[in-house]
Protein chains: 2
Amino acid sequence: MYARMSEITTASPDTESPKRHDILCAAGDLFMRSGYGETSVDAIARAAGVSKATLYAHFPSKEALFATIIHDACRTHLAVTSVLPEGVADLRSALRGMGRDLLNFLLQDRALAIHRVVTAECQRFPELGRAFYDNGPGLFRRALAAWLERQQGAGRLRAGDMAVAADQFLGLLRSGLYLRATLGLARPAEAEIDATVQEAVDTFLRAFAPPD
Amino acid sequence: MYARMSEITTASPDTESPKRHDILCAAGDLFMRSGYGETSVDAIARAAGVSKATLYAHFPSKEALFATIIHDACRTHLAVTSVLPEGVADLRSALRGMGRDLLNFLLQDRALAIHRVVTAECQRFPELGRAFYDNGPGLFRRALAAWLERQQGAGRLRAGDMAVAADQFLGLLRSGLYLRATLGLARPAEAEIDATVQEAVDTFLRAFAPPD
DNA sequence: GTCTATAGAAGGATAGAC
DNA sequence: GTCTATCCTTCTATAGAC
C-alpha cells in the first residue's frame, strides 16, 4: 500500500561533519515542532549534544540555521516520476493511485510540519514561501498538468486548460481532510483518506471526461 | 462589487475599558503579524500606549492575552446568511456570487493572518485549531451543505452527499490561489480571483448537475 | 487602575583555553 | 573544531507608589 511512499528524494550535500549533521537533525526536529521564535539555540545545542559555541562555528546565526533547515526540507519531496506513471491503461485507477500516494505523503507528520512552519514564518522570511511552493506544490502542479495534457492528447480528457485542471484536482484532494490536518485536528484514518481520494477522482472525471 | 464584504460580524462584548481595548487592538496586530513567540509583551504595551503593569492588570499572562485575541478573531466571520441567499433563481450565478464573496473574504489580509497564526500555534495551543475550524471553515461548510441540499431538493443538483459536495466546492475555490496567498506569494488580482471562481463553478456544475 | 522601577530567568552570541 | 564560562540584551512578570 505504502510501497511507493518510500520513494522520497532528499537532496543533501552530505559532505558534512558528524556534529554538523547532529545540529541539523536536532534543529530540524525542534523548528518543525515549535517554530522559529519558540525554539532557542540553547535547546538546539542541548538536543544535538554540542555546545552553543560549536553550533555557532557551523552556522553564523540562528536565522541562517533556520533558513538552511527549511530550504533543505523544501527539497524533500515525492519522487514525481514514480507517482505519475508513463504508461496508463486505466485513467481512473491511475488517478486513484496517484491521489492516494500524494494525499498520504501530504498527511505525513513531517510534510505537515514543513507546511506549518513555512506558513508561519513566510512573513518574517519572505523567500521561504517561494522556496516551499516551487519545490513542493508548484513543482507537482506543473508535472501533473503536463501528465494530464498527455492523457488529454490520448483522448481520455475533454478539451480545456490542464493547468487549471491540475490545480482543481489538487484542490479536490485537499478538500476538507487536509485543512483539518494542518489545524491539528483528528488525524484522518486510512479509510477516510481512501474515501476522499475516491470522491475527488469521481468528481474530477465527471467534470473532465470527454463528452460522448 | 465588495458590497457584501462589509457584512462581517464580529462578536465583541465591548463592555471593556478603553485601555483594555487598546491592548487588545495592539496585541491583535502584533500577534497577527509576528506570531506568538516573536511578539513581546513589551512591544504590545508600547504599541498600546500603556505600561506592562497595566497590561498584566487586565490579562493574567501573555498566553491568556493571546488566547483571547485568537478566540475573538475566530468569531469574526462572514455573515453566512448574506452569502447563501434563500431565493435562488439561477444556481450558476448564485454559486458565482457566493464564491466571489467567500474567496475575497478569505484573501483579506486579516483572514489570511488569522489562518497563518492558528496554523502556526495550533500545536502549542491545541484548542486553537478546533476553535478556528468550528467558527470558520467548519461553520461555513455545514451551512453550505444544507444550502446545497435545498438546491438538490429543488432538482438543481444530482443525487449524492452534499457534505462531500460542499467540501469539494470549497476545495475547488481554494485551489491554487489560496495556497499561494497563505504562503505570502503574489497577491492575486481581481481578475484572477474571478477566473478561479468561474472555473470552480464550471467544474462543480459539470460534476454535480443533474443528469438529463 | 495606572504608573516607574526592577527582579529573576532566558535569550542570542562570543572570548579564550585546549 | 570543540568546549566552558560569560557578556549583554531582552524576556515575562511583579512590587510599591499614587
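None of the values given here were measured: they were computed from a predicted structure.
Here A:F66 pairs with A:F31, A:Y36, A:F125 under the ring pair (Phe, Tyr, Trp, His ring centres under 6.0 Å) rule; sequence neighbours left out. Qualifying ring pair (Phe, Tyr, Trp, His ring centres under 6.0 Å) partners for A:F132, counting only residues two or more places apart in sequence or in other chains: A:H115.
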Quiz item: Should A:Q168 and B:S175 be marked as a side chain to side chain donor-acceptor pair (under 3.5 Å) after you check the CA-CA gap, both sets of side-chain angles, and the distance that decides it?
Solution: CA-CA 6 Å; A:Q168 291 192 330; B:S175 78; 5.3 Å; no
Practice problem: Assess whether side chain to side chain contact (heavy atoms under 4.5 Å, CB included) is satisfied between A:L95 and A:V197, documenting all intermediate values. | Solution: CA-CA 9 Å; A:L95 284 172; A:V197 171; over 6 Å; no
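One finds no salt bridge joining B:E38 and B:R33 here, because no Lys/Arg side-chain nitrogen approaches an Asp/Glu carboxylate oxygen to under 4.0 Å. Between A:D194 and A:R96 there is no salt bridge, since none of the side-chain N atoms of the basic residue sits less than 4.0 Å from a carboxylate O of the acidic one. At a threshold of 4.0 Å, the pair B:R180-A:D167 counts as salt-bridged, since one of the basic side-chain nitrogens sits closer than that to a carboxylate oxygen. For A:D134 and A:R75, the salt-bridge test fails: no basic side-chain N is under 4.0 Å from an acidic carboxylate O.
Boundaries of the chain A contact region on DNA chain D are D:dG1 to D:dT4, first to last in 5' to 3' order (nucleotide atom under 4.0 Å from a heavy atom).
Using a 4.0 Å cutoff on non-hydrogen atoms, no part of residues 31-43 of chain B comes near DNA chain C. The stretch residues 50-65 of chain A touches DNA chain C through A:K52, A:A53, A:Y56, A:S61, A:K62, each having a heavy atom under 4.0 angstrom from the strand. Contacts between residues 117-127 of chain A and DNA chain D, defined by a heavy-atom separation under 4.0 Å, are absent.
Checked by atom type and distance alone, the side chain of A:Q108 pairs as donor or acceptor with a backbone atom of A:F105 at under 3.5 Å.
A:I193 contributes atom CD1, which lies 5.0 Å from atom CG of A:L107 (distance to the nearest 0.5 angstrom). Between the CG atom of B:L170 and the CZ atom of B:F204 there is a distance of 9.0 Å, given to the nearest 0.5 Å. The CZ atom of A:R116 lies 8.0 Å from the CG atom of A:L183; values are rounded to the nearest 0.5 Å.
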